[in-house]
Every structure is written in structure tokens, then in C-alpha cells.
Amino acid sequence: MDTIHCNNSVNISQWFRRLLHQSYTAQNTVSPSPMENPFQVINSSYCAPYTINLQINTEKGATYDANGRLRFYIKRPLLTVHDRRVLYDDAGKPILTLYKKIMTMHRRCQVFRGQSSDSSELLFSVKKSEILQSGVIKLDVFLANNKKESVRDFRVNISSDKSSCTVFAGESPTVVATMVNNRGFDVLVNPFVDYAFIVALLMIINDIKFYYNEVLNSIAKITPLLVSIMIAAP
């Protein structure tokens with residue numbers, strides 16, 4: 001603590017000014033919240049400084065805001081490969097294109113800017129954390145500049161019946177969005193989070209088929225055939 005010398009008015013004045021400065025700094029310095037740094041993926045215009053509530057009609061592939069205004073919609077071209085789908089805004093402008101790489105074990109989906117499929121326009125990719133999953137299904141999200149993919153940029157936990165999901169930032173406990181499935185997706189996107197990105201993620205989740213269930217269904221179909229072959233074998 002500073003020592004006050006009563007016989008030196010200059011020292012007292014300097015000490016008092018320092019004390020006022022320290023007090024003002026302590027009261028007005030606020031540690032930045034992680035959510036004050038925008039999680040921009042598609043465009044900064046989709047990073048609102050407040051919580052966004054969206055309603056996704058999964059049957060129509062349409063997204064509405066809390067006032068019922070159409071914000072995005074999905075269209076699937078008639079002739080397409082890799083299950084190509086395009087997300088448009090309310091003005092009919094293509095925002096991004098989703099491609100599902102159906103031959104990969106992890107069922108990777110790539111998302112490109114606009115209607116492109118060029119690698120230079122890649123925005124992010126999504127894959128299952130594990131090939132076989134039951135219970136909570138986990139997805140890994142990697143942004144285009146994350147070439148090594150040694151660390152996830154986002155991660156998604158989905159209940160097995162798709163009744164709810166949570167999107168986290170990287171490996172942190174920071175929640176960027178949540179969804180509850182009530183005959184459609186009721187979505188809450190936290191402030192400064194790119195809500196067009198969240199909509200794209202949820203469109204992927206809506207269509208995803210969990211490989212764990214696919215394997216079980218395949219086994220159930222071929223088991224009677226295997227049994228009959230074994231019985232018929234000499």
C-alpha cells in the first residue's frame with residue numbers, strides 16, 4: 001500500500017490521483033463475454049446482438065422468425081447428385097448449398113457458399129463423431145480454414161429421437177444454439193451467433209440417418225436369409 005507523507009503535499013496529491021484512477025478502472029473494466037465475439041460463418045449480417053427465435057417447418061423446409069415472417073427455405077434441384085440442396089433467403093437469393101457425401105462412413109456433409117460446389121467456396125463440413133452411435137448422437141463441425149480438423153470448431157449433441165439438440169462452440173461449454181423438436185424445430189440462437197449457419201446445421205440434422213440404426217436394420221433384414229442358408233447347407 002502507498003505511504004502518505006503528511007509533510008509533502010505533492011506526494012499526497014499524486015497518491016490521491018492514483019487512488020481515484022485505480023478505483024475508476026476497477027469499476028469500469030468489464031471482462032468481455034465470449035458471446036460478444038461474433039460466431040460468424042455465413043455472413044456477419046446474420047449475427048444479431050440479441051437472442052433469435054426461429055421456427056423451422058421440417059416438412060416444408062422453411063424457416064420463420066418469431067413474428068411468422070419467412071426467413072429461409074430449402075429447395076432440392078430435380079437433377080442432383082450427392083443429395084444437393086440449396087438454402088435461399090426470403091428474397092430468393094441462394095445463401096448456401098449442402099452436399100452429402102454418401103459414400104463416406106461418417107456420412108460427411110459439406111456446405112458451400114451460394115450455389116457453388118467449388119472447394120474455394122467451402123464454408124464448413126459436418127460429420128458424425130463416431131460411425132456407430134446410440135443414445136446421444138454427436139456431430140463434429142469444421143470450418144473451411146480448419147484443414148487439419150484436429151480440433152472441432154463446433155460440436156452438436158442430438159438426442160436419439162431428434163427431440164432436442166445443443167450446439168456448442170468448439171470444445172468449450174459455451175452453448176451457441178438449442179433446438180426442441182415439437183412437430184418442427186423450435187430454435188433459440190444466442191446473441192452474436194450466425195443464425196443462417198444454425199439453420200443449415202439443423203437442415204442437415206433433420207435429414208441425417210444415423211448409421212447405428214442403419215446397421216441394425218440391415219442386420220435384421222439379412223439375418224433370416226443367413227439362417228435359411230445355414231439350415232440348407234449340407
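Residue numbers count from 1 along this sequence.
For the pair Leu202 and Val187, the minimum side-chain heavy-atom distance is below 4.5 Å. Residues Phe168 and Val175 are in side-chain contact: their nearest non-hydrogen atoms beyond the backbone lie under 4.5 Å apart.
Ser172 places a side-chain N or O within donor-acceptor distance of the main-chain N or O of Ala169, the cut-off being under 3.5 Å.
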| How far apart are the C-alpha atoms of Asp186 and Asn53, what are their side-chain angles, what is the distance that settles it, and do they pass the side-chain hydrogen bond (donor to acceptor under 3.5 Å, both in side chains) test? | CA-CA 7 Å; Asp186 184 7; Asn53 178 223; 3.0 Å; yes
| request: In sequence, state the C-alpha distance, the side-chain angles, and the governing distance for Lys138 and Arg155, and then conclude on side chain to side chain contact (heavy atoms under 4.5 Å, CB included). | output: CA-CA 7 Å; Lys138 299 180 180 180; Arg155 69 185 198 279; over 6 Å; no
| task | Test Ile52 against Asp65 for side chain to side chain contact (heavy atoms under 4.5 Å, CB included), laying out the working first. | result | CA-CA 8 Å; Ile52 294 286; Asp65 63 19; over 6 Å; no
| message | Before you tell me yes or no, could you show the steps for Leu54 and Val199 under side chain to side chain contact (heavy atoms under 4.5 Å, CB included), namely the whole-Å CA-CA distance, both residues' side-chain angles and the distance that decides it to 0.1 Å? | response | CA-CA 9 Å; Leu54 298 172; Val199 169; 3.7 Å; yes
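Look at Arg71 and Asp90 and you find no salt bridge, because none of the NZ, NE, NH1 or NH2 atoms lies under 4.0 Å from a carboxylate O. Between Asp140 and Lys127, at least one side-chain N (NZ, or NE/NH1/NH2) sits under 4.0 Å from a carboxylate O, which counts as a salt bridge.
Minimum interatomic distance between Asn206 and Lys162 (heavy atoms only, all atoms of both residues): O-NZ, 3.0 Å. The two residues Met203 and Ala62 have their closest heavy-atom pair at CE-N, 4.5 Å. The two atoms that bring Ala196 and Asp194 nearest to each other are N-OD1, 3.1 Å, heavy atoms only. Nearest heavy-atom pair across Ala144 and Leu122 is CB-O, 3.0 Å. Heavy-atom minimum distance, Arg84 versus Gln115: NH2-O, 3.9 Å.
Leu188 and Tyr50 fall into different hydrophobic clusters, where Ile, Leu, Val, Met, Phe, Trp and Tyr residues are linked whenever their side-chain heavy atoms come under 4.5 Å apart, directly or through other members. Residues Val167 and Leu143 share a hydrophobic cluster, clusters being chains of Ile/Leu/Val/Met/Phe/Trp/Tyr side chains in contact below 4.5 Å.
Remark: Asn182 CG to Ser164 OG distance equals 12.0 Å, nearest 0.5 Å. Atoms CD1 and CG, on Ile158 and Asn181 in that order, are 11.5 Å from each other to the nearest 0.5 Å. Atom CD1 of Ile205 sits about 11.0 Å away from atom CD1 of Ile137, to the nearest 0.5 Å. Separating the CZ atom in Phe185 from the CD1 atom in Ile198 is a distance of 12.5 Å, to the nearest 0.5 Å.
Take Tyr46 and apply the ring pair (Phe, Tyr, Trp, His ring centres under 6.0 Å) test, not counting sequence neighbours, and it matches Phe72, Tyr195.
Centroid-to-centroid, the aromatic rings of Phe124 and Phe197 come within less than 6.0 Å. Checked against a 6.0 Å centroid threshold, the rings of Phe142 and Phe154 do not count as neighbours.
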